[in-house]
Each structure stands twice: as structure tokens, then as C-alpha cells.
> 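The structure under discussion is supplied below as C-alpha cells; questions concerning it will follow.
Small disclaimer: the values here were computed from a predicted structure and weren't measured. When a ligand or atom number is given, it counts from 1 through the structure's own listing order.
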Amino acid sequence: MGTRECKHICGESSQGIGEAGRTGEWRSARPVIDHDKCTPARQNKPACFLCWLYCPDAVISKTIPVQINLEYCKGCEICAQVCPTHAITMVNEEEFSS
Ligand code: SF4
Ligand code: SF4
């Protein structure tokens, strides 16, 4: 989901089960998308995708609707910060554990 192909050596990481396992388990807050505010879903066309572009772990899909692979999302909040429509809210993980 959302993996960007790159033929060059660079510092970008990508999702996958490495020595650290499913790294989403480290997360203290998760990004939640309000699709009523998200441009691709609202307009039903490929648009924006800034969250996909800036996610350092490439766990956001470039699809309609946009989806986040929470198994590997580390909760860095970059997607929420770059979203121009404020469609992504960081929610404390404790709210999902009860
Ligand atoms: S919180 Fe960070 S790792 Fe998770 S989807 Fe957003 S940008 Fe990617
Ligand atoms: S940056 Fe925001 S508006 Fe743009 S695709 Fe991502 S969630 Fe939707």
C-alpha cells in the first residue's frame, strides 16, 4: 500500500517486516482521516496526496479514499501537519484500547 518506487539509494524507509517487526506497535497516537474533509474523497478524483508524499514510512496509499497502514505507521504526525484541509487528526492510542 502506497509504496513509492525509487531506484536511488536514499534515506527513505519503507514498510516491511524487518528486525523491528510491526513497528506500528510503538505508536502513542494514530492518525485518523476525516474523509469528509479529504480532497480526493470529496472530489472523487486523484488530488492532493500530500500526506502520501510526505509520510516518511510510505504507509499512506495514493488511493480514493486515502488509507493508512497502521501496522507500520509510527505516529510521527507529519501527515497531519502537511494536510491542507486539516483532515487528519492524531488520536491517543489509549482511546482505541478500551
Ligand atoms: S503519522 Fe507519520 S508514519 Fe503515520 S501515516 Fe502519518 S506521516 Fe506516516
Ligand atoms: S493531505 Fe489531507 S486532504 Fe490531502 S490527501 Fe492527505 S488527508 Fe486528504
> Give the atom numbers and elements of ligand 1 that come within less than 4.0 Å of a heavy atom of Gly75.
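Matching atoms, with element in brackets: 1 (S), 4 (Fe).
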
> Quick check on side-chain contact (heavy atoms from CB on, under 4.5 Å): which of Val66, Asn69, Leu53 does Ile60 satisfy it with?
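Answer to the side-chain contact (heavy atoms from CB on, under 4.5 Å) test with Ile60 among Val66, Asn69, Leu53: Val66.
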
> Apply side-chain contact (heavy atoms from CB on, under 4.5 Å) to Gln43 and list each qualifying residue two or more places apart in sequence or on a separate chain.
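Testing Gln43 for side-chain contact (heavy atoms from CB on, under 4.5 Å), a comparison that skips the adjacent residues, returns Thr39, Lys45, Ala47.
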
> What heavy-atom pair brings Ile88 and Cys51 nearest, and what distance separates the two atoms?
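It is CD1-CB, 4.0 Å.
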
> What protein heavy atom is closest to atom 4 (Fe) of ligand 1, reported as residue, atom name and distance in Å?
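Heavy-atom neighbour on the protein nearest atom 4 (Fe) of ligand 1: Cys73 SG, 2.3 Å.
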
> Just to be sure I understand the site: which N, O or S atoms from the protein are less than 2.8 Å away from atom 4 (Fe) of ligand 2?
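Less than 2.8 Å away from atom 4 (Fe) of ligand 2 sit Cys48 SG.
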
> Identify, for atom 8 (Fe) of ligand 1, the protein heavy atom at the shortest distance, and state residue, atom and that distance.
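Sorting protein heavy atoms by distance from atom 8 (Fe) of ligand 1 puts Cys55 SG, 2.3 Å first.
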
> Looking at Thr63 and Gln67, what are the two nearest heavy atoms and their distance?
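For Thr63 versus Gln67, the nearest heavy atoms are OG1-N, 4.1 Å.
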
> State the atoms of ligand 1, each with its element, that fall below the 4.0 Å cut-off from a heavy-atom position in Val59.
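Near Val59, meaning under 4.0 Å from one of its heavy atoms, ligand 1 has 5 (S), 8 (Fe).
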
> Is Ile60 touching ligand 2 with its side chain, its backbone, both, or neither, if touching means heavy atoms under 4.0 Å apart?
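No part of Ile60 comes within reach of ligand 2.
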
> Does only the side chain of Glu77 get under 4.0 Å from ligand 1, or the backbone, or both, or neither? Count heavy atoms.
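Backbone only.
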
> To check your reading of the model: name the closest protein heavy atom to atom 2 (Fe) of ligand 1, its residue, and the distance in Å.
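For atom 2 (Fe) of ligand 1, the nearest protein heavy atom comes out as Cys76 SG, 2.3 Å.
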
> Return the NZ to CH2 distance between Lys74 and Trp26, rounded to the nearest 0.5 Å.
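Separation between the atoms: 6.5 Å.
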
> With atoms numbered from 1 as shown, which atoms in ligand 2 lie under 4.0 angstrom from a non-hydrogen atom of Ile88?
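Heavy-atom distances to Ile88 below 4.0 Å select 7 (S).
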
> Just so I know, are the side chains of Cys83 and Leu50 near enough to count as touching, which here means a heavy-atom distance under 4.5 Å?
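No, too far: nothing below the 4.5 Å cut-off.
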
> Mind checking whether Pro40 and Pro65 have side chains closer than 4.5 Å, heavy atoms only?
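Heavy-atom side-chain distance check fails, nothing below 4.5 Å.
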
> With heavy atoms of Ile68 as the reference, note each atom of ligand 1 found under 4.0 Å away.
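Heavy-atom distances to Ile68 below 4.0 Å select 5 (S).
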
> Please could you name the atoms of ligand 1 that Pro56 approaches to less than 4.0 Å, counting only its heavy atoms?
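Contacts of ligand 1 toward Pro56, numbered from 1: 7 (S).
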
> Identify, with sequence neighbours excluded, every residue that meets side-chain contact (heavy atoms from CB on, under 4.5 Å) alongside Gln81.
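Here the qualifying residues are Glu77.
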
> For atom 6 (Fe) of ligand 1, what is the nearest protein heavy atom, given as residue, atom name and distance?
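Here the nearest protein heavy atom works out to Cys79 SG, 2.3 Å.
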
> Please report the shortest heavy-atom distance between Tyr72 and Asp57, naming the atom on each side.
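Smallest heavy-atom distance, with atoms named: O-OD2, 4.4 Å.
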
> Does the side chain of Cys55 reach to within under 4.5 Å of the side chain of Ile78, using non-hydrogen atoms?
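They are not in side-chain contact.
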
> In the structure I gave you, are the side-chain heavy atoms of Tyr54 and Cys79 within less than 4.5 Å of one another anywhere?
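They are not in side-chain contact.
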
> In the protein, which heavy atom is nearest to atom 3 (S) of ligand 1, and how far is it?
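Its nearest protein heavy-atom neighbour is Lys74 N, 3.6 Å.
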
> Pairs of donor and acceptor atoms involving the side chains of residues 27-38, under 3.5 Å and at least two apart or interchain, shall be tabulated with distances.
unit_1, atom_1, unit_2, atom_2, d
Arg27, NE, Glu93, OE2, 2.7
Arg27, NH1, Leu70, O, 2.7
Arg27, NH1, Cys73, O, 2.8
Arg27, NH2, Glu93, OE2, 3.1
Arg30, NE, Glu93, OE1, 3.4
Arg30, NE, Glu93, OE2, 3.0
Arg30, NH2, Glu93, OE1, 3.0
Asp34, OD1, Asp36, N, 2.9

